[in-house]
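A short worksheet on the structure shown next.
Not measured: the values here are computed from a predicted model. Chain naming here is simple, since letters A, B, ... match the order of the sequence lines and numbering starts at 1 in each.
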Amino acid sequence: MYQDVILDHYKHPHGRGLREGQAEVHHVNPTCGDEITLRVRMDGEVVGDVSYEGQGCSISQASASVLNDLLVGKELAEARKIQETFLELMQSRGQIEPDDAMEEVLEDAVAFAGVSKYPARVKCALLSWMAWKDATAQALSGTTPEETA
Amino acid sequence: MYQDVILDHYKHPHGRGLREGQAEVHHVNPTCGDEITLRVRMDGEVVGDVSYEGQGCSISQASASVLNDLLVGKELAEARKIQETFLELMQSRGQIEPDDAMEEVLEDAVAFAGVSKYPARVKCALLSWMAWKDATAQALSGTTPEETA
Amino acid sequence: MTLPPPTRRPLPGLLDTEAIRKDFPALDRVVHDGKKLVYLDNAATSQKPRQVLDVLNAYYERSNANVHRGVHVLAEEATALYEGARDKVAAFVNAPSRDEVIFTKNASESLNLVANMLGWADEPYRVDRDTEIVITEMEHHSNIVPWQLLSQRTGATLKWFGLTDDGRLDLSDIEQVITEKTKIVSFVLVSNILGTVNPVEAIVRRAQDVGALVLVDASQAAPHMALDVQALGADFVAFTGHKMVGPTGIGVLWGRQELLEDLPPFLGGGEMIETVSMHSSTYAPAPHKFEAGTPPIAQAIGLGAAVDYLTAIGMDKIAAHEHALTEYALERLRDVPSLRIIGPDTAQDRGSAISFTLGDIHPHDVGQVLDEQGIAVRVGHHCARPVCLRYGIPATTRASFYLYSTPAEVDALVDGLEQVRNFFG
Amino acid sequence: MTLPPPTRRPLPGLLDTEAIRKDFPALDRVVHDGKKLVYLDNAATSQKPRQVLDVLNAYYERSNANVHRGVHVLAEEATALYEGARDKVAAFVNAPSRDEVIFTKNASESLNLVANMLGWADEPYRVDRDTEIVITEMEHHSNIVPWQLLSQRTGATLKWFGLTDDGRLDLSDIEQVITEKTKIVSFVLVSNILGTVNPVEAIVRRAQDVGALVLVDASQAAPHMALDVQALGADFVAFTGHKMVGPTGIGVLWGRQELLEDLPPFLGGGEMIETVSMHSSTYAPAPHKFEAGTPPIAQAIGLGAAVDYLTAIGMDKIAAHEHALTEYALERLRDVPSLRIIGPDTAQDRGSAISFTLGDIHPHDVGQVLDEQGIAVRVGHHCARPVCLRYGIPATTRASFYLYSTPAEVDALVDGLEQVRNFFG
Ligand SMILES: Cc1ncc(COP(=O)(O)O)c(C=O)c1O
Ligand SMILES: Cc1ncc(COP(=O)(O)O)c(C=O)c1O
């Protein structure tokens, strides 16, 4: 499951660090202690920035880096579609073999297909994506940044 | 396990019915609902009478009849020895093959040797004997008749 | 010695027991120097098919590991098998969600779990001194004692439905028994001593009217008929694995999701937590919240295999088989002199456990003489002593059937009873 | 790829693992396309020998019946086997009486049982708002959460011993922690995360001085060393079958007879009663008083076979084997760059579970890469999160040994860790 793409993102994460944003969330995976703090800045309908800090395993760290790559700069609708596709892939228990269409949407993130075979690790891969979804909802509803678990 | 001796005593119990005595006890086997009310009359050091009433299985009924046969008229010390020998036989889990010496002490009661192989039935065979022991202790200590469970 | 059975009509709806019996090694057992075992003690526990034993062995020989949180192959296999068993059980009882299926060690733990949850619950579920608990006089001790304990500990009043002379629930005073003060009504779907199938709908309707929760003890139902928790309309349903061709050491509590979310945990420990510090802990969502410690992993997986086995045969077919057999048995037993059925004497709304007395021959003696002929029945109060008190008997003899039971075994029982009568006559 | 192991001295006191491993089918398992399984997750659960599986199968295939009160052959055999298992377990822990051995479903139930008994007990045992409960910071969640629940429910104060930097109990303030208000002190004999063996005597002495009861969680001790409940001097001892080559679904609580007589029951139901009426019930004497419902019959019998298996090898020999292996493993792990042992770093007063961190490589990644090489370890907080908090780490990787573990498996682990470091280096 440790594709080179994943190891690369783990060792050289993209967009790591906390920058300005309209919403911040803190998510924890209680079964393994993985944590992420994630901020979202929306520029109108476009995902302006996703910045993050956290600790955890290679999968959760690499997944946040890939998320940053994929979502920043995208229209919200498209970003959501990517998030949903990623969720679908991760919940497939190794049953989905990504096709060209999926690869076009997920790019580097198709490397996580193998992770979906390991139920214990799926949550690691999804941690940042769930945090992004949550933070985006807050940013749009104008809720002030707050902690959630 | 149903020796003819046992069936005979069951069908034609000896000494059944409640007569005068110095102590009365009521014993119950809660797992099967067998009950006995038993009275003891001591004539000095001699077991004057053991009278009883009860309901229960053939084993518990026959055992009370055999007890009446064996103990009435005996010196207390000898009656106690018979009771202890019977107890030993019943707790033997079928390991004791009664020899002549034992047969001399237990007479008809050796017919219960087979019952000792059936743990669920041992309590039935012992019900009246435990009641007798209890009632005798009360008769000797001069306790007035009372109910015990 | 053996009487010829009366000209036996072919019974409608029987299963192919010849094939089925091959799956159950214990049914080949020979006892007392050559007597073939006639196992009529199925209400106490059922025998286990090869298919269930194979699954247990495969688990222990290949995939044995502790479940959840493991990142190695065995732990992942064990987790998938254990959670897969939950899916199977959920489907078996038509649960709306797999997360509503809690694995316990037996039905008794399931019933105690609910009683304890309600004792510690917040309003509106909390059982306390101003509230009432309702059970029935035909409950198994496992559905009596937990409520007596709860009532002693909280001060709540314990009430119950009595029984009619023919072994049915007396619901004539239902409005007085189940009232606005009632918090929980707990009753047996099929009685293990009388065989009675109880009218769920009437009770559930009244309970819902007053806002009481309903717990159904389906220990004698789940093995024998299609069980649909949604159709029952209850809030909780309890049953036990060993009576339904599964292993010992495994029980089930099904509960409605909102309730499982709202109610407090029972046992505390590993697996049931979300996060623990010395100062406080938070709990995992149901079902894990109610599964403290290493669960009965192999046993849950074995129960999954049992459910597969029963489903492959078909619960409706099993019910039809037992119904035909019960009808036949009642008919034949009716002709045994001085035999008195304790419970409904027709097969209508009736399970396949048949209790009876035989003159004044004590059930212990009946059971023992039957045993000497290889016939295994249960004697005693069957963990339902109030029923014996109600009918003024010290105990009963009970014969109970299952999917592998045959008309020939009914005949053997009837012949055996004849021997008992000769013996003690 | 594989480094040559350093010139390995023959270790003193090792068992004949070649012979022993033949008894355990799961140890032959091959994973990930041809990797031989190296099972180092024994603190989570042990593998099962053929001898235990054979006993389980023989029970289900021949003697399966519900226990107690049956008058037929199978019921009598099942009862004799079940109660025979109690004799075996009593002898295994040197219990003064077989009636002090209670079968539960796992150690977690055993621990919860004591907590609940004390909550419902009369004086002098009763835990209430003016009293204190003492545990330690190295407890398994199963020995933390029950006491948190009891403290919430009764208002009693929960206190605990902290840990020293080298993974031992800090008993320096024992007089302040265990006081006249203390009703119960519950602590682990061997920690499942740190490996620490705790000084029982000092704690028991202080508890006895103030009249507090002592519960020892021996879940990680019973499988690995001779356990003598009389020598321990505790009032209750809990352990679990699946970690000691027994089946899942079975645990044990040993308790002193006078206490078991005085304390109230926990779960109510069949088997635990003496006589039941709708109005009130009386309870059977211990151990049955605490065994409601159909017990885990096959599992108790399987645990009896496990105890036979361990006894035949010899608990002292098993302890010596693991001690030698632990010494070797600590020595080899010490040489792995950036590896930090969490817990005592010598084999003295230490069990064979070794937790560690590897630089800042997350334990999940360590475990996963080891798994790809066929090496099964556990990663996470091992149901002892307060220990992780105490040492400021999110989780650990834990390797744990048993009677069938070999020095070659230690070498495989060390080699595997080298791979992990290369991979994430
Ligand atoms: C020290 C300790 N206590 C208690 C337990 C709980 O045992 P079980 O999960 O079998 O209830 C465990 C094992 O998980 C343990 O290691
Ligand atoms: C109706 C009923 N309820 C509850 C139980 C208890 O089941 P278990 O002994 O498996 O806990 C039984 C069986 O003994 C039963 O027949």
A:Cys124 to D:His364 - nearest heavy-atom pair and separation: SG-ND1, 3.6 Å
Heavy-atom pair with the smallest gap, counting every atom of A:Leu7 and D:Phe424: CD2-CE2, 3.5 Å
Is it true that atom [atom1] of [X] has more than 12 heavy atoms of other residues, nucleotides or ligands lying nearer than 6.0 Å?
| X | atom1 | result |
| --- | --- | --- |
| A:Asp4 | CG | no |
| A:Arg93 | CZ | no |
| A:Lys117 | NZ | no |
| D:Asn422 | CG | yes |

Region of A:Tyr2 that comes under 4.5 Å of a non-hydrogen atom in chain D: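 Contact with chain D is through both the backbone and side chain of A:Tyr2.
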Heavy-atom pairs under 4.5 Å with chain D, option from A:Arg121, A:Gln55, A:Met1 with the top count: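 The residue among A:Arg121, A:Gln55, A:Met1 with the greatest pair count is A:Arg121.
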Residues of residues 56-82 of chain A with any heavy atom under 4.5 Å of a heavy atom in chain D: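 Checking residues 56-82 of chain A against chain D gives A:Gly56, A:Cys57, A:Ser58, A:Ile59.
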A:Asp34-D:His362 side chain donor-acceptor pair, cut-off 3.5 Å: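 The answer is yes; a qualifying pair exists.
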